[in-house]
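Everything numeric in this text was worked out from a predicted model, so none of it was measured. Below, each value reflects all heavy atoms present in this structure, side chains not excepted, and no hydrogens, waters or symmetry copies.
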Amino acid sequence: MRRLPFHLGAAIAAAFPLATSAADIPGDVVVITASRIEHNSQDIPAAIDVVDMARIRDAQLRVNASEALVAVPGLVVQNRQNYAQDLQISSRGFGARSAFGVRGVRLIADGIPATMPDGQGQAATFNLDRAQRIEVLRGPFSALYGNHSGGVIQLFTEEGKAPAAVEMSMMGGSDGTRKADLAAQGRHGTMGYVLDASRFDTDGYRDHSAARRDQAFAKLTFEPDQRSKLTIVASALRQDDSQDPLGVQWATFQRDPRAGETDPNDTVTPRRTFAERYDTRKSIDHQQVGASYDIHFGEHRLHVMLYGGNRDVVQYQAFSKAFQAPASHSGGVIDFERRFHGAAISWHDVRRFDAGVLRTTVGVDYDRSSDDRQGYENFVDTQLGLRGALRRDENDVVSNLDPYVQSEWQSGPWRLTAGLRHSRVKVDVDDRFLANGNDSGGMTFARTTPVLGALYKATPALSLYASAARGFETPTLNESFYSASGGFNFGLRPARSTHVEAGAKLRLAESTRADVALFQVRTRDELVVDAASGGRTSYRNAARTVRQGVEVSFDTAWRHGLSAHAALTGLRAVYDEAFAGVGKGNRLPGVARVTAYAELAWRDSADRYGAALEALASGRVYAEDTNRERPAPGYAILNLRLQARQALGAWRLREFVRLGNLLDRQYVGSVIVGDTNKRYYEAAPGRNWQAGVSAQYLF
């Protein structure tokens with residue numbers, strides 16, 4: 001993408017004049033994710049952004065994390081219009097290849113992992129209705145969280161407080177979208193509580209993409225004394241038969257962005273798509289509970305966390321040669337029951353000396369998941385989309401045990417940080433279906449990842465920093481299930497990476513701030529798509545890759561309630577050496593060279609009314625490693641949001657209207673990397689609308 005479209009450039013230009021008066025741009029943003037203790041973000045030698053409650057909740061459906069995270073530099077979060085496959089999240093290009101769920105980026109909710117020990121996570125488990133803030137950490141410091149390479153996304157939900165309140169929200173929009181949410185919160189003595197339940201339905205923008213999602217959430221906090229706190233969090237997610245529209249070829253996308261790809265082998269109903277013929281769909285039943293306990297001994301602190309849960313999934317995939325499948329084929333129906341649990345303990349120590357303060361955190365994380373997994377043929381006789389004969393039966397266990405230590409020395413204008421984590425990930429496979437060979441076996445991956453960082457406060461308003469780290473990324477179960485021969489892929493190796501970053505954090509005025517980060521990541525044994533077809537993807541290790549980029553974020557406010565925000569990312573992500581027909585210098589698929597977001601917002605002095613114009617742009621994205629196939633073109637869109645609120649006695653009312661893609665652009669919202677049948681493209685909606693109203697009663 002050589003130049004930004006005019007209307008995006010105009011929006012960004014509007015965001016950059018210096019502030020003329022103080023407003024509500026936060027000067028001291030407190031973060032936890034980078035250092036595991038509270039810190040001003042200006043004092044962290046890392047790229048970290050905080051998405052506050054207003055951006056998460058106001059004028060949003062609160063269904064997908066992409067709604068709020070779109071404004072974070074370095075992060076690309078794609079709503080694929082496919083609730084069977086979840087969001088597509090990448091950080092600095094890591095995770096863009098994922099065909100399902102989130103990988104390469106670690107997800108955490110209220111301190112409880114939402115990423116399994118193999119590195120695969122599900123953003124759908126985040127409860128956005130009760131979210132207080134989201135912290136996004138990118139770059140070297142994310143290595144302190146273990147097995148991943150791109151970053152950490154951590155959600156923090158609100159805690160119960162007085163006065164007690166109940167709230168009801170009703171929302172709807174284009175394509176049969178509707179959502180209802182009911183919540184209650186309060187505090188009684190030393191106990192706080194938050195309860196939430198919601199139902200989301202959509203007919204789907206794309207053909208065969210209808211979905212229903214039910215979520216429930218509960219959070220209890222107990223403070224028996226001034227130095228200790230117990231937090232218990234429980235959540236549930238249920239999706240029954242969420243339809244999977246699959247990807248389409250370029251010609252089909254151009255003809256009708258909503259349409260699915262027609263199956264040429266369908267002699268019964270020639271106009272049926274692959275998705276319709278195989279009735280591709282997924283059902284998810286997920287429950288999780290966790291507890292954390294913190295006790296302070298003066299400035300020292302002990303933290304203990306336990307969690308556990310289950311995740312049951314049934315998925316129907318599409319294969320055009322189902323009846324001629326080889327003996328090693330594991331079928332087109334996936335059915336697994338996952339049981340997972342884990343624990344963490346850490347000690348935070350503070351030592352004061354004449355010259356400064358030394359803060360040290362020592363801890364260990366343990367996680368384990370066990371999948372009872374079956375595969376079945378997706379046909380019975382001549383009828384497709386039904387569970388047929390058994391083709392796979394195995395138990396897959398993944399566990400990790402990761403000790404770590406992190407220290408920070410603060411003296412005068414200097415803050416020096418060093419950390420070390422040893423990750424050991426073990427995979428065991430017990431194959432119980434031996435008709436197609438015995439796939440039993442195991443893999444063990446171990447890596448020690450050091451992190452170094454230095455920050456210098458040149459002035460109270462300017463912080464300069466540099467950091468470096470080693471990272472590694474193991475194959476997930478989803479990446480290991482299939483190989484070229486059809487069985488479990490024990491030949492995959494973990495990707496190893498070296499990260500360096502330098503940046504500046506600047507307060508230009510009381511109501512204006514800017515962050516800039518320059519980075520480079522060199523990776524060996526990058527995991528890339530080997531083949532993808534009908535919802536199934538296999539992987540292999542590739543040659544070296546390099547990612548080099550710049551991230552800029554800017555916030556400012558003026559008189560009369562006007563404010564602006566801009567985020568710009570430039571990323572060169574290429575193969576650094578040739579392999580298997582892929583040339584040196586080829587672009588990594590799924591990664592845009594430029595992404596940008598800008599908004600100009602207004603609200604009145606009494607905070608009763610608000611409006612904002614949003615601009616979002618992305619460069620073109622290649623869909624496969626050779627870069628020979630047509631890339632998804634770059635695009636730029638405009639969105640508008642309007643909101644209002646009123647206070648009537650004990651009632652608090654809110655209303656919003658959101659208009660998306662105002663200029664009705666036709667564009668590819670995401671790509672399926674490496675699809676064997678060239679069905680790479682997943683269309684984004686044209687012009688669309690959303691609206692909602694909520695009523696809260698305070699007791």
Side-chain angles (χ1 to χ4, degrees), residues 61 63-67 69-70 76-90 95-103 120-126 173-177 179 200-213 215 237-249 252-253 256-261 273-284 286 313-319 332 334 385 478 529 532-537 589-590 621 623 632 660-661 666-675 677-686 688:
L61 285 181
V63 173
N64 300 297
S66 56
E67 301 168 10
L69 296 178
V70 67
V76 177
V77 188
Q78 305 285 15
N79 179 358
R80 304 175 60 184
Q81 308 301 312
N82 183 347
Y83 290 92
Q85 301 294 359
D86 207 350
L87 300 177
Q88 191 178 76
I89 300 180
S90 64
R97 69 176 181 271
S98 179
F100 159 68
V102 179
R103 82 99 58 251
Q120 190 89 24
Q122 310 300 324
T125 60
F126 279 2
S174 302
D175 304 310
T177 297
K179 180 184 176 184
F200 166 75
D201 286 282
T202 181
D203 297 335
Y205 169 72
R206 300 164 61 196
D207 290 347
H208 197 78
S209 62
R212 166 172 287 182
R213 176 184 292 175
Q215 283 188 280
L237 167 71
R238 185 177 181 87
Q239 291 183 204
D240 289 328
D241 290 335
S242 294
Q243 295 177 338
D244 187 347
L246 305 177
V248 299
Q249 296 182 0
T252 301
F253 167 76
D256 183 358
R258 293 178 179 264
E261 195 69 42
T273 65
F274 284 100
E276 292 168 336
R277 189 181 183 200
Y278 290 90
D279 193 14
T280 49
R281 61 199 188 275
K282 180 185 287 184
S283 295
I284 304 170
H286 179 107
V313 173
V314 178
Q315 181 182 6
Y316 288 76
Q317 300 173 314
F319 295 97
I334 299 170
N478 280 328
V529 171
S533 178
R536 167 172 295 172
T537 306
V621 173
N661 194 358
Q666 180 177 312
Y667 68 101
V668 175
S670 57
V671 298
I672 300 173
V673 172
D675 188 88
N677 297 300
K678 301 184 180 181
R679 298 194 287 266
Y680 307 118
Y681 310 102
E682 298 179 300
N688 61 90

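The shortest side-chain heavy-atom distance between Leu87 and Asn79 falls under the 4.5 Å cut-off. With a 4.5 Å cut-off on side-chain heavy atoms, Tyr205 and Pro245 do not count as touching. Gln81 is not listed as a side-chain neighbour of Ser209, based on a closest heavy-atom distance of 4.5 Å or more. In this structure, Arg281 and Val314 have side chains that are not in contact, with every pair of non-hydrogen atoms separated by 4.5 Å or more. Side chains of Val313 and Ile334 form no contact here, defined as non-hydrogen atoms less than 4.5 Å apart.
Between the side chain of Arg679 and the main chain of Asn677, no donor-acceptor pair closer than 3.5 Å is present. Put simply, the side chain of Asp244 never gets that close to the backbone of Lys282: no donor and acceptor are under 3.5 Å apart.
The two residues Tyr83 and Arg213 make their nearest non-hydrogen contact at CD2-NH2, 3.3 Å. The two residues Arg206 and Ala683 come nearest to each other via the heavy atoms CD-O, 3.7 Å.
Annotation: side-chain hydrogen bond (donor to acceptor under 3.5 Å, both in side chains) contacts of Gln243 (sequence neighbours excluded): none. By the salt bridge (charged side-chain N to carboxylate O under 4.0 Å, His left out) test, Asp207 is found to be paired with no residue, residues two or more places apart in sequence or in another chain being considered. With sequence neighbours left out, the salt bridge (charged side-chain N to carboxylate O under 4.0 Å, His left out) criterion links Arg97 to Glu473, Glu479, Glu526. For Arg238, the salt bridge (charged side-chain N to carboxylate O under 4.0 Å, His left out) partners at least two apart in sequence or on another chain are Asp240, Asp285. Applying the salt bridge (charged side-chain N to carboxylate O under 4.0 Å, His left out) rule to Arg258 yields the partners Asp175; only residues at least two apart in sequence or on another chain are considered. By the ring pair (Phe, Tyr, Trp, His ring centres under 6.0 Å) test, Phe253 pairs with Trp250, sequence neighbours left out.
In this structure, a donor-acceptor pair under 3.5 Å is absent between the side chains of Gln120 and Arg103. Between the side chains of Glu261 and Thr252, a donor-acceptor pair is found at a separation under 3.5 Å. Judged purely by distance below 3.5 Å, without hydrogens or angles, the side chains of Asp241 and Tyr316 never pair a donor atom with an acceptor atom.
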